[in-house]
Amino acid sequence: MATYTLPELPYDYAALEPVINPQIIELHHDKHHAAYVKGANDTLEQLKEARDKEAWGAINGLQKNLAFHLSGHILHSIYWHNMTGDGGGEPLAADGVGDLADAITESFGSYAGFKSQLTKAAATTQGSGWGVLAYEPVSGKLIVEQVYDHQGNVGQGSVPVLVFDAWEHAFYLQYKNQKVDFIEAMWRVVNWQDVAKRYAAAKERADVLLLAP
């Protein structure tokens, strides 16, 4: 039985127009995300076979493959819920996301500073990758991270709460090679309600993620 399964989209393919067209959403979810799920499950089977046979010649490649596919699955699972056709704008207390808005200001100085940093991080990730807003449990603050090729410049124990997919399959059919234009457009569909829930949950679980500072 497979360990990982492809989650259903929380909206239809056309829900994020005009920022992301339906063709991209369909291919991205049904083909690319599905491939990460299959890759993670296949790699787990290959690792089981290696354990059973005590055959470790391919261990480095298998561990890297597991990280690649599992990161792709987890990040995409967050990505779909991080977006909504009714999203965008700045997180505000009036919209019920005041704790998140305050945390952004405390961690980055201002919303504008945070937005600029995450935009640049996503747009300049080496090769293919992601820009990530994450809760870092040691400081209790939010940080921006880069995930390149699903490996990453990440802080251990940090929890992603907002992810921007900057792989070409996320935008090329619509934005061609203008990655920066796509990242800028992404701000119009951010689901701050979802981001705020993830932030609150990450804070509550900090003692589970990290036993000692």
Side-chain angles (χ1 to χ4, degrees), residues 4-38 69 71-92 94-97 100-101 104 111-112 114-125 127-135 142 144-150 159-202:
Y4 302 107
T5 57
L6 180 67
E8 293 185 3
L9 286 171
Y11 35 69
D12 62 40
Y13 296 138
L16 302 178
E17 284 194 297
V19 173
I20 309 177
N21 68 40
Q23 184 183 16
I24 288 178
I25 296 295
E26 181 177 6
L27 289 171
H28 196 167
H29 176 267
D30 297 1
K31 301 297 183 182
H32 291 280
H33 189 170
Y36 296 127
V37 172
K38 183 180 185 303
H69 292 295
S71 291
H73 173 41
I74 291 173
L75 289 168
H76 280 94
S77 296
I78 298 170
Y79 179 67
W80 305 124
H81 289 273
N82 273 171
M83 298 182 292
T84 174
D86 299 322
E90 181 176 346
L92 301 170
D95 298 324
V97 292
L100 173 65
I104 288 173
Y111 172 75
F114 151 68
K115 181 179 179 181
S116 178
Q117 183 177 346
L118 182 55
T119 297
K120 294 297 183 183
T124 61
T125 302
S128 298
W130 302 67
V132 177
L133 173 67
Y135 175 76
L142 294 167
V144 165
E145 300 177 332
Q146 287 181 321
V147 176
Y148 55 91
D149 199 27
H150 290 167
V159 181
V161 297
L162 174 62
V163 298
F164 277 13
D165 191 346
W167 285 66
E168 285 190 347
H169 63 241
F171 64 88
Y172 196 84
L173 289 177
Q174 185 173 354
Y175 292 85
K176 307 307 179 190
N177 63 340
Q178 299 302 312
K179 182 189 294 187
V180 174
D181 290 348
F182 171 67
I183 300 302
E184 290 287 356
M186 275 289 299
W187 291 102
R188 293 158 51 193
V189 294
V190 173
N191 184 348
W192 291 116
Q193 299 294 328
D194 181 69
V195 178
K197 290 177 182 177
R198 295 179 186 279
Y199 170 65

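Position 1 is the first residue of the sequence; numbering continues from there. Only this structure's heavy atoms are used, side chains among them; waters, hydrogens and symmetry mates stay out. Note that the structure is a prediction, hence the values are computed from the model and not measured.
Shortest non-hydrogen contact noted between Lys179 and Ala123 is CD-O, 3.5 Å. Between Leu100 and Pro91, the closest heavy-atom pair is CD2-CB, 4.5 Å. Residues Asp149 and Trp167 share a closest heavy-atom pair of OD1-CH2, 3.5 Å. In terms of heavy-atom proximity, Arg198 sits nearest to Ser77 at NH2-O, 4.3 Å. Considering all non-hydrogen atoms of both residues, Thr125 and Val147 come closest at CG2-O, 3.6 Å. Heavy-atom minimum distance, Ile24 versus Ala170: CG2-O, 3.4 Å.
Classification of the Trp130-His150 ring pair by plane angle, with boundaries at 30° and 60°, yields tilted.
Here the side chains of Met83 and Met186 are in contact, with some heavy-atom distance below 4.5 Å. The shortest side-chain heavy-atom distance between Pro22 and Glu17 falls under the 4.5 Å cut-off. Counting heavy atoms from C-beta outward, Phe182 and Ile20 have side chains that approach closer than 4.5 Å. Val190 has its side chain out of reach of Asn82: every pair of non-hydrogen atoms, C-beta onward, lies at least 4.5 Å apart. Looking at heavy atoms from C-beta onward, Tyr175 lies in side-chain contact with Val19 at the 4.5 angstrom threshold.
Using modelled atom types, one side-chain atom of Asn21 and one backbone atom of Gln23 make a donor-acceptor pair closer than 3.5 Å. For the pair Tyr13 (side chain) and Leu27 (backbone), a donor-acceptor distance under 3.5 Å is absent. A distance-only check finds a donor-acceptor pair linking the side chain of Gln146 to the backbone of Ala121 [under 3.5 Å]. Side-chain atoms of His29 never come within 3.5 Å of backbone atoms of His76 as a donor-acceptor pair (strictly under, hydrogens ignored). A donor-acceptor distance shorter than 3.5 angstrom exists from the side chain of Trp192 to the backbone of Gly89, with no hydrogens or angles considered. Checked by atom type and distance alone, the side chain of Gln174 pairs as donor or acceptor with a backbone atom of Pro18 at under 3.5 Å.
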Audit row: Gln193, Asp95, side-chain contact (heavy atoms from CB on, under 4.5 Å) steps and yes/no: CA-CA 8 Å; Gln193 299 294 328; Asp95 298 324; 4.2 Å; yes
Output, in order, the C-alpha distance, side-chain angles, deciding distance and verdict of ring-ring contact (aromatic ring centres under 6.0 Å, His included) for Tyr79 and His33. CA-CA 11 Å; Tyr79 179 67; His33 189 170; 9.5 Å; no
Worked check of side-chain contact (heavy atoms from CB on, under 4.5 Å) between Thr119 and Trp187: CA-CA 9 Å; Thr119 297; Trp187 291 102; 2.8 Å; yes
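The distance from the CD atom of Glu90 to the CD1 atom of Ile104 is 8.0 Å, given to the nearest 0.5 Å. Atoms CD1 and CG, from Ile25 and Leu9 in turn, are 7.0 Å apart once rounded to the nearest 0.5 Å. To the nearest 0.5 Å, atom OH of residue Tyr11 and atom NE2 of residue His81 are 7.5 Å apart. Here the CG atom belonging to Leu118 is positioned 6.5 Å from the CG atom belonging to Leu133, to the nearest 0.5 angstrom. Annotation: the span from His69 atom NE2 to Ile74 atom CD1 amounts to 13.5 Å, rounded to 0.5 Å. The CG atom of Asp165 sits 7.5 Å away from atom CH2 of Trp80, with the distance rounded to the nearest 0.5 Å.
Partners of Tyr4 by ring pair (Phe, Tyr, Trp, His ring centres under 6.0 Å), not counting sequence neighbours, listed by chain and number: His73. Applying the ring pair (Phe, Tyr, Trp, His ring centres under 6.0 Å) criterion to His32, with sequence neighbours excluded, gives His169.
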